Amino acid sequence: MDVKTVRLTVAQALVRYLAAQFVTLPDGSRERLFGGVWAIFGHGNVAGLGEALQAAQDVLPTLRAHNEQGMALAATAYAKAHFRRRMMAISTSIGPGCTNLVTAAAVAHVNRLPMLLLPGDVFISRAPDPVLQQVEDFQDGGVSAVDCLRPVSRYFDRIVVPSQLLTALPRAIATLTDPAQCGPVTLALPQDVQAQAFDWPESFFAERDIHFRQPQPEPAELAALASLLRQAKRPLIVCGGGVLYSAGGVEALKNFVESHGIPVGESQAGKGALAWDHPLLAGSIGVTGSPAANELAAQADLVLAVGSRLQDFTTGSHALYAQATLLSINVNGFDAIKWGGHSLQCDAAVGLAALGSALASWQADTDWTAHSQRLCHGWRRQVDEIVRSQRASLPTYAEAIGAVQASAADSTERDIVVCAAGTLPAELHKLWRTSTPGGYHMEYGYSCMGYEVAGGLGVKMARPEREVIVMVGDGSYLMLNNELATSVMLGHKIIVLLLDNAGYACINRLQQACGGLPFNNMLADCLHGEHGIPQIDFAQNARSLGAEAETVSTVAELQAAMVRARAASRSYLIQLRIDGPQCTPEGGSWWEVGIPEVSEREQVRAARAAYEEARQRQRH
Ligand SMILES: Cc1ncc(C[n+]2csc(CCOP(=O)(O)OP(=O)(O)O)c2C)c(N)n1
Ligand SMILES: [Mg+2]
């Protein structure tokens, strides 16, 4: 047979293949699956992949940032903001450039978010070994730095001869776009192989439209779940991120809860699926949960988790609804069967619709629905007060959240708040209000400090029409803030609200709750030398990176500054000194933390006793 071929290098073929993958978005537009390629060039990618990318700028733009972790975090956030329908690739050099990816790959892996990692790798020929940056393994000649990415990749391949791309690339795309397998994919690209030419079949580069699968429920599983639900009187839904990632999931959830009168508690990843003022939304659930959702969780006789990994923060370390029958709709079998849950392994939208049909006119106990609605309503009124209450001498997290939302009439529709670690995830989970899926962008699977600024950039690239507001603590900002300069360079404006309390306040609180002394968290409690604790000027730091910035000290000043920040065209940082210890006391639940079994400290022994008692309430 006469196959038409085209002679290209491995790198050129890879780029051409990526550019040929298309998706149709919910608004009907047809876009490339890959929104671009982040790249920091060096040994092992500049000559091969760099040459191929340069020639493809019109179809696959290459973007440069300042740190590989930052690039990959931006890519992760981009995919999350696109509900996994669009993604980015990342190209790195062979050594530190590659290992800098590991943390970000773990973020994407834990959060089930797609991104394509294309690290350069050492010469397959081994002719110049050991090359600059080569990690030499004394026992295994095949190991290189790239192997660090194996445990945090859903698919890993090393392209040692060109023809392997013919199988590796379709597998890579299938993994990246599969609802259950979705996560980072790594294709290790030895630099000599990147540059090798091969006669590729032209058909390999034909444009392809990706179909996102929505697996259907299995009849027996469906019948079992419907029967359990029909026996329930006090059901509660735990809404996870899978609802947002499923096409039609948000509408299906709304229909389901309204038809059957079931209240909803939202996980960190699932927040935003129902609008903040939905009468059956009890707000956040779990360790960072609202009093309403956690009270319902304690009273529920059945919990239906939809698209949730059932992480400890969502289940109160399995002590929050340990007595309830657990059902789980999840597209991923690994998640669906967790903790003895009765599983319906399928897409969230499809599963909810099918379950709704099977239940027909069945409703939760009317008293339960009415009781739930009262709690939901009560919590909404309480939030109004919490975000205005002056609970400390300095502004609090809650007041800062209130001021941000009050600074624009359309905040709940237009803003996307971005956050990942520290005290803010708890505060935002309880208090942030959004009416739009995606308006709450929290990376709380890996809760990676440093995600915020880089992630905010990725979100803005995916959602340029929205106001992206990064809320970040001083600790997280200092861990990784350099992509603020990238946001200025690329013209993707983000607002960064930096809440400075001079240290790791959330861990300081945790330490004391575990019976410990304040130690090594707040800067004041850390070893310091003759110059004392630095007074860090975050506004000046942001200005030095090209952003606009200002420092404010009251809630009223913050609200006025937010108006200026919203009007600005370039990235804008607002620094606010807040009260360290003061966080919102309402809500929350037990969280399992390993407390020392023996200690000289009475407080630790007391914490251990409380811990052992709390463990009795866990689901077994
Ligand atoms: C990369 C990384 N290292 C360590 C941690 C553990 N950790 C979670 S929050 C936190 C402190 C956050 O401090 P900051 O951002 O200032 O927040 P706040 O003081 O408001 O709690 C630490 C050390 C983490 N989540 N990520
Ligand atoms: Mg702090």
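Indexing begins at 1, ligand by ligand and atom by atom, following the structure's order. Counting begins at 1 with the first residue of the sequence. Just so it is clear, the structure is predicted and the values come from calculations on it, not from any experiment.
For the Mg ion (ligand 2), the N/O/S atoms of Asp500 include none lying under 2.8 Å.
Screening residues 386-403 for salt bridge (charged side-chain N to carboxylate O under 4.0 Å, His left out), with sequence neighbours left out, gives Arg391-Glu586.
Nearest N/O/S atom of Asp474 with respect to the Mg ion (ligand 2) is recorded as OD1.
Side chains of Gln618 and Arg615: a donor on one and an acceptor on the other come within 3.5 Å.
Counted within 6.0 Å of CD on Gln390, heavy atoms from surrounding residues, nucleotides or ligands total 12 or fewer; the atom is thus considered open. In the displayed structure, Tyr444 atom OH is contacted under 6.0 Å by more than 12 heavy atoms of other residues, nucleotides or ligands.
Using a 4.0 Å cut-off between a side-chain N of Lys or Arg and a carboxylate O of Asp or Glu, Asp335 and Lys338 qualify as a salt bridge.
When rounded to 10 degrees, the angle formed at the Mg ion (ligand 2) by OD1 (Asn501) and O (Gly503) equals 90°.
Here the side chain of Asn100 pairs no donor or acceptor atom with the backbone of Gln69 at under 3.5 angstrom.
In this structure, Leu497 and Ile574 have side chains that are in contact, with non-hydrogen atoms separated by less than 4.5 Å.
For ligand 1, residues of the protein lying within 4.0 angstrom by heavy-atom distance are Tyr397, Gly422, Thr423, Ser447, Met449, Gly473, Asp474, Gly475, Ser476, Met479, Asn501, Gly503, Tyr504, Ala505, Cys506, Ile507.
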